[in-house]
Structures are given as structure tokens and as C-alpha cells.
Amino acid sequence: MPADLLEGLNPDQLAAVTAPGSALVLAGAGSGKTRVLTTRIAWLVQNAQVSPMGLLAVTFTNKAAKEMLTRLSAMLPINTRGMWVGTFHGLCNRLLRAHHRDAGLPQLFQILDSADQLSAIKRLMKALNVDTDKYEPRKLQHFINMNKEAGLRADKVEAWDPYTRRLTELFGEYDGQCHREGVVDFAELLLRSYELLSRNALLREHYQTRFRHILVDEFQDTSKLQYAWLQLLAGPDTTLFAVGDDDQSIYAFRGADVGNMGVFMRDLGIEAPIKLTQNYRSHSTILDAANAVISRNENRLGKDLWTDAGVGEQIRHYQANDDREEAGFVVEAIRELYREGLGYSDIAILYRSNAQSRAIEHALFTAGLPYRVYGGQRFFERAEIKHALAYMRLIANPEDDNALLRVVNFPTRGVGARTLELLDAAARQGGMPLWQAACAGGGKNKGLAGFVTLIEAMRAEASDLPLPEVAEIVVERSGLLAHYRAEKEGESRIENLNELTNAALAFAQESDDHSLTAFLAHAALEAGDHEAGASADAVQLMTVHAAKGLEFHTVFITGLEEGLFPHENALSEVDGLEEERRLMYVALTRARRRLFISHAQMRMLHGQPRYGLPSRFLEEIPAALVHSLNRRPAAPAYAAPAARSPGVQPPQPSRNLPHKIGARVSHARYGEGVVSGYQGQGTEAEIRIAFPKVGDKWFLLDYVKLTAC
DNA sequence: AACTCTTTAGTCGCG
DNA sequence: CTAAAGAGTT
């Protein structure tokens with residue numbers, strides 16, 4: 001009954017769920033966003049008689065898509081089969097597989113993840129004899145992806161200077177190589193399916209009539225291209241329902257464009273967004289702090305979170321002398337919380353950058369407290385798994401040069417650099433893939449011939465077997481298992497290889513397409529949460545970015561120092577500070593009940609001491625909401641460095657000059673020298689040292705390691 | 001081909 | 001400092 005469905009919704013949530021036309025929902029942190037989204041889908045099916053076939057819901061992460069489906073099947077008796085629910089990339093993949101001919105792709109096109117893409121780019125640059133000092137592969141990768149995300153192919157990029165012109169040329173060459181090899185990178189999935197829909201009117205109209213309702217989660221994270229893609233899918237009679245929070249937009253650096261929210265309202269003639277401001281997560285002290293901080297931003301649609309859950313505890317602030325002491329404080333506080341009966345997994349420790357986790361991990365480890373660090377290497381990105389997948393890719397398509405190069409000599413079988421050089425030359429001469437060249441001239445090199453035989457044998461053996469057995473055969477026959485058995489530290493790698501069989505098994509059960517290609521696409525699109533011990537009771541360590549969407553009883557926000565949080569690199573970017581502030585807003589709103597914030601006056605960063613002022617975000621939290629845990633009111637935070645280098649004018653307050661001009665210092669490579677000057681600001685700051693033998697040298701102050709002598 | 005030494009770079013990171 | 005990639009050596 002629909003009545004049940006809508007029970008317990010607040011008036012704003014109800015308005016969102018039952019919105020008659022297109023709507024933009026401004027959903028604050030903890031305001032029941034996912035519930036609104038799933039309830040609306042259920043309501044559309046039950047009440048508005050919309051067929052599941054006519055629904056498309058798109059999210060950013062596989063996790064969110066999965067959760068939506070799980071909740072939905074709990075709400076609805078009917079099956080969710082006909083619905084299109086998934087990530088942008090997942091849905092584009094689906095579209096391109098279904099219409100691969102129209103999209104100009106081979107039926108079994110492979111998906112390159114970012115690492116694959118980078119190695120493809122390196123290979124291309126090598127083949128074209130590009131100077132990789134002048135044109136860095138990573139830069140080119142970024143250039144390509146940024147342009148594709150803006151919807152631009154190489155022939156559409158406007159390049160005014162020779163450097164950009166060359167990059168654009170290489171972009172074109174790269175797309176040519178991808179086309180020849182039948183591979184598609186992540187950005188290409190989107191661009192290609194956008195182009196498919198925009199060129200093919202028949203196809204476009206088919207989907208436009210099919211999808212009556214399109215729902216978008218985390219709309220503030222959509223890029224320009226993703227928005228354009230959505231517009232193509234939405235026909236004149238399609239209702240669009242977008243949910244997002246401009247205050248939680250923290251992914252501008254990877255193409256997200258909050259401006260889409262305003263554009264969306266204008267395009268669809270929406271007068272005002274539906275605002276969900278009642279928060280069901282935190283006490284009001286936490287929300288007041290978050291509201292106060294975010295209110296300093298100028299570019300926002302504007303909303304304040306509120307709750308009827310009560311005031312709650314004050315926020316606790318701790319000022320540490322250094323990062324070790326900060327970590328020690330966190331450990332002590334956690335012990336206390338545990339004694340009070342809190343589970344470890346109810347506690348999260350957040351930091352701005354990954355490098356900060358080391359000190360905290362060390363303290364937790366020494367104290368014997370269980371912890372789990374989020375966002376390490378993902379399952380399908382581990383070297384041994386990528387090796388196994390490369391063999392599987394070769395079974396599916398031996399002309400996959402990327403895959404061949406990855407494993408042609410792994411485990412080693414006597415195919416060295418020289419052999420590869422010859423192979424490459426032969427392939428280029430004949431204008432064919434490496435595999436064909438290897439087959440043709442295979443007799444010359446014993447190892448290479450063995451490789452060809454091996455792959456062919458594996459292909460033959462695997463042809464009629466179910467997916468999990470194919471995985472098993474690949475792992476065994478390729479010699480990977482034997483190789484890692486012989487290795488001293490190969491234990492966990494062998495476990496992972498066995499886990500691959502499990503992953504294939506799980507995939508075969510969940511998906512209705514059991515093909516090898518489908519599994520490979522799955523591996524590329526879902527880097528995988530196959531992590532061991534994920535369910536254990538452990539303190540959760542993660543970056544603020546990784547914490548988005550999660551909530552914890554108790555949250556520690558560490559490293560609240562100028563230059564770190566807000567990060568100095570962000571300050572030089574347009575709207576950088578506002579994005580950092582949104583990041584702080586996300587961090588604050590993760591806490592349900594108890595919030596600790598801390599900063600250190602000194603911290604070791606890249607092996608160098610760094611003195612930081614307390615973050616401005618600390619001052620932006622109203623003092624009445626904060627309780628200081630330092631016995632004495634903290635001394636001015638910036639006393640130590642000034643005292644350390646008397647007489648030296650710091651170029652900026654957040655850095656001290658570690659050595660006086662004229663001081664004798666020692667450098668690991670050049671030996672002893674005399675400090676002769678400074679220049680530059682921020683990360684550019686350099687120190688000049690006169691060495692007796694090599695003369696004057698400039699070093700970046702951030703990285704150089706010097707000892708006084 | 002395997003191993004070791006040197007060099008380099010370092011914000012955040014979904015698919 | 002540290003991890004990873006590249007260069008150089010045996």
C-alpha cells in the first residue's frame with residue numbers, strides 16, 4: 001500500500017517523493033537522501049503506475065547503486081529487472097555493448113582502467129619517440145581525460161601554443177591506438193555513448209520514449225558531459241529528478257561541476273529546489289558548527305541544517321605539539337571511549353591527505369588497537385590480479401597488445417627487451433598486432449614461441465568451461481601460482497589469486513551474462529571491495545573525501561592546520577578555498593554524537609619538519625560550541641619556529657627557514673656547504689647552498705634534507 | 001635476465 | 001621520508 005510507503009516522511013521528504021514534475025532536491029547531509037530516492041522509485045511504480053522498464057537511476061559509485069537496489073527490493077514486491085540502475089560508467093558500458101556497431105566498437109571491446117591507460121600512453125609515446133621529459137605521460141593522460149570530460153575530441157581542442165598543440169596531436173594518436181586495439185578508457189565510455197546518442201536520432205528517440213523517469217544521485221558531482229548525456233536520454237515527456245547538495249561538492253578536481261545544479265533549474269524551468277534540511281544524524285552542536293563554517297562560502301544555494309535530537313555534547317578540541325603527540329591523544333581518547341562501551345568501528349579518524357595516516361597508524365599499532373585504513377590498493381588493481389586478468393584478456397582477445405606486453409614475460413620465460421624490440425618492429429612493419437607478429441615469427445625465440453603455445457592451449461581449454469573454472473585454469477597454467485609460491489612474500493598474493501576464483505564465482509551468480517568479456521568489464525568497472533576482515537570491529541581511518549556518505553558515532557578530524565587543511569595547493573586554485581571549506585563541512589557532518597578536532601604545531605612531512613598555524617576553519621566554528629582539552633589555554637600556536645631561527649625573516653608565516661644564511665650544512669650527495677640565500681614562496685621556496693666543489697646549487701625547501709654541521 | 005642502485009615525486013580519487 | 005619507476009650493473 002502506498003500509504004505505508006510514505007509513512008514517517010517529513011513534509012519536505014514527502015514533497016520530494018511525490019513531486020509531479022521534474023525536480024531538484026537539495027538534500028543536506030543526513031537528511032534521508034537515499035530514502036527519498038528509493039521511496040520515490042517505489043512510489044512511482046506502485047502509485048503512478050510507471051513500469052520498471054521506464055525507470056533509469058544513476059549513481060556515482062557501485063556501492064550506492066547496490067544499496068539502492070537492495071533497499072528497493074525490500075520495499076517493492078516486484079522485481080527490479082527492467083530498471084536501469086547503475087553508475088554512469090556502468091550504464092554507458094551497457095549502452096555501448098548493446099549498440100556496439102552503431103558506436104563503432106568491436107563487440108568485445110575491453111575497458112582500460114587508469115593504470116592500463118597510462119601504460120598504453122607510455123607505449124604510444126615510446127613508439128612515437130616522444131621526449132617524456134618534456135611531455136610527461138601523466139600530464140598527457142590528464143590532458144586527454146580532461147578534454148574527453150569536456151566533450152572534446154582531438155580535432156576539437158583549441159590549442160594556441162606549440163606545447164598544447166603537440167599534446168593535442170598525441171591525444172589524436174592515442175585515440176587511434178585505442179581504436180586499433182579495440183579498447184576504451186573510462187572517459188571514452190561516457191564520451192562515446194554521448195556521441196552515439198547525439199548522432200543516432202532513432203536510437204535516441206527509442207530511449208527517450210522508453211525512460212519516463214530519470215533519477216540522479218549526488219547531482220553536484222556530475223560533470224558537464226554527464227549532464228549533457230542525461231539531457232540526451234531525457235525526452236520531452238521524461239521527468240528528471242536530481243538529488244544533490246552543493247555544500248558537499250568536493251570533486252571539482254576530477255571534473256564535477258556544481259554549476260550543473262543552477263543550469264538544471266534553468267533548463268527545466270524549476271523555480272526553487274526542494275530543500276531537505278532536517279537532519280536525522282547529529283546533535284545540534286555539530287550541525288551548528290557545520291552551518292557556521294559553510295555559511296562563509298559565497299557560492300551556494302543556501303540552507304541550514306537543523307535537528308530535534310537535542311543539543312548534545314560540545315566539540316572537543318586538542319592542540320598538540322607535534323603529529324606524534326596528536327596521534328597519542330587520539331589513541332588515549334579511543335581507549336577511553338572503548339572503556340565507555342563504544343565499539344571500535346563506531347569511531348572514525350579523518351585526515352586531509354593520505355600521508356597523515358602513517359603517524360596515526362603507528363600509534364594505533366603500538367597501542368594494539370584494531371584499525372582499518374580505507375582506500376588502499378583495490379582488489380582488481382593488485383599486480384597479481386592484473387596479471388591474471390591479462391591472461392584472461394588474451395584468451396578473450398589475443399590481439400590485446402596491452403595485455404600481451406604485461407605478461408609475455410611474466411612469469412619470466414626468456415623474452416627480453418631485445419626480443420620485444422624485434423617483435424615490435426615486425427608488428428609495426430606488417431601493421432598488425434603484436435600477437436600476429438609473434439605467431440608469424442614465433443620460431444625465432446623459444447620463450448616467445450612457448451608463450452604463443454601457452455595462450456593457445458589455454459584458449460582451447462577454456463573455451464567451453466564456466467567462468468570460475470577459466471579463472472582457475474588461468475591462474476594455474478599461466479605459472480602465476482607457481483611463481484608466487486616460490487616467492488618468499490608470495491603468501492597474500494596466492495590468497496588473492498584464489499580469491500579471484502571466488503570473485504568469478506560470485507559474478508557468475510549475480511550477473512546473467514556469464515561471458516568472460518562481461519567479467520573483465522566488471523573487473524574494470526568495479527575495482528572491488530574484496531577486502532579481507534572488512535567486517536571486524538576496527539577503528540576506521542580515511543581521508544575526508546573517502547568519508548563522504550558515511551557516518552560514525554564519534555569522529556576525529558585531525559591535522560587542522562593552515563596549508564594542510566585547507567591544503568596549500570588548493571588555495572591557489574579558483575574557488576579552492578570554498579571547496580576546502582565544503583570538505584570541512586563534510587568532515588564535521590560525519591559525526592553523530594561526538595566530535596574531536598585537533599591540530600599540531602609541528603608535523604613531519606616528507607621527512608621535513610613543518611610548522612603550521614591552526615586552520616582558519618577552527619576559528620570559523622563558534623567558540624561556544626568548542627571545549628578545549630588542553631589544560632591551559634593554548635599558547636600562541638606560532639611561538640616555536642620564531643624562537644628557533646631568530647633574526648631570519650620568514651617568507652611567509654607557515655614556514656620557518658631552517659638554516660641561517662652563512663650556516664654550514666651537509667647534504668647527502670654534495671657534502672658540506674654554506675647557506676647563501678633563499679628565494680621563492682610556498683612550495684616554490686628554494687634554498688641556495690654554496691658547495692666548495694660543485695659551486696652554487698638551488699634546492700626546493702620542501703624536499704631537501706640538510707643537516708647542520 | 002636478474003638484481004641493485006639511483007632518481008623522482010609527493011592533495012583529494014569514483015569508474 | 002618512502003614507494004615506485006627507471007637506469008645501470010653483473
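Reminder, nothing fancy here: chain letters follow the sequence lines and each chain counts from 1.
- Stacking between A/Y251 and B/dC14 is absent: the aromatic ring centre is not both under 5.5 angstrom from the base six-membered ring centre and within 30 degrees in plane angle.
- Of the candidates C/dG6, B/dG15, B/dG13, the closest approach to any side-chain atom of A/H89 belongs to B/dG15.
- Taking every side-chain heavy atom of A/K122 into account, C/dG6 is the closest of C/dG6, C/dC1, B/dG15.
- The side-chain heavy atoms of A/L550 and A/Q540, taken from C-beta on, include no pair separated by under 4.5 Å.
- Among the atoms of the strands shown, none is found under 4.0 Å from any heavy atom of A/K548.
- Side-chain proximity of A/H606 to B/dG10, C/dA3, B/dG13: nearest is B/dG10.
- Taking the nucleotide of DNA chain B with the nearest heavy atom to each of A/L525 and A/H567, the more 5' of the two is matched to A/H567.
- The distance between atom CZ of A/F253 and atom P of B/dG15, rounded to the nearest whole Å, is 13 Å.
- If you check every strand for non-hydrogen atoms under 4.0 Å, A/N354 touches sugar and phosphate atoms only.
- Remark: C1' of B/dT11 and NE2 of A/H142 are 13 Å apart, rounded to the nearest angstrom.
- Regarding contacts with the backbone of B/dG15, every side-chain N or O of A/N145 stays at 4.0 angstrom or more from both OP1 and OP2.
- Here B/dT11 presents its C1' atom at 10 Å from CD of A/E568, a figure rounded to the nearest Å.
- With B/dT11, B/dG15, B/dG13 as the choices, the nucleotide that has an atom nearest any side-chain atom of A/H545 turns out to be B/dG13.
- At B/dA1, one or more side-chain N or O atoms of A/N409 fall inside 4.0 Å of OP1 or OP2 (strictly under the cut-off).
- Distance, A/N93 CG to B/dC14 C1': 15 Å, rounded to whole Å.
- What separates CD of A/Q356 from C1' of B/dT11 is a distance of 10 Å, to the nearest Å.
- Among the heavy atoms of the strands, none lies under 4.0 Å from A/D221.
- You'll find the ring centres of A/F109 and A/H100 outside the 6.0 Å limit.
- Side-chain atoms of A/R378 lie closest to B/dC14 of the nucleotides C/dT2, B/dC14, C/dC1.
- Taking atom CG on A/N569 and atom C1' on B/dT11, their separation rounds to 6 Å, with Å as the unit.
- Residue contacts for A/V586: at a heavy-atom cut-off of 4.0 Å it reaches no nucleic acid atom on any strand shown.
- Contact annotation: A/T412 reaches the phosphate of B/dA2 (side-chain N/O to OP1 or OP2, under 4.0 Å).
- A/R97 and A/N93 are linked by a side-chain donor-acceptor pair at a separation below 3.5 angstrom, with hydrogens and angles left out of the test.
- The two atoms that bring A/V184 and A/L105 nearest to each other are CG2-CD2, 3.7 Å, heavy atoms only.
- Residue A/T543 places at least one side-chain N or O under 4.0 Å from the OP1 or OP2 atom of B/dG13.
- Taking the six-membered ring for Trp and the full ring otherwise, A/H545 and A/F253 have centroids separated by under 6.0 Å.
- When all heavy atoms of A/A523 and A/L389 are compared, the pair lying nearest together is CB-CD1, 4.0 Å.
- In the set B/dC12, B/dG15, B/dT11, the nucleotide with an atom closest to the side chain of A/E573 is B/dT11.
- Closest-nucleotide positions on DNA chain B for A/G414 and A/A524 were compared, and the one nearer the 5' end corresponds to A/G414.
- Between the C1' atom of B/dT11 and the CZ atom of A/R610 lies a distance of 12 Å, rounded to the nearest Å.
- Between A/D133 atom CG and B/dT8 atom P the separation is 9 Å, expressed in whole Å.
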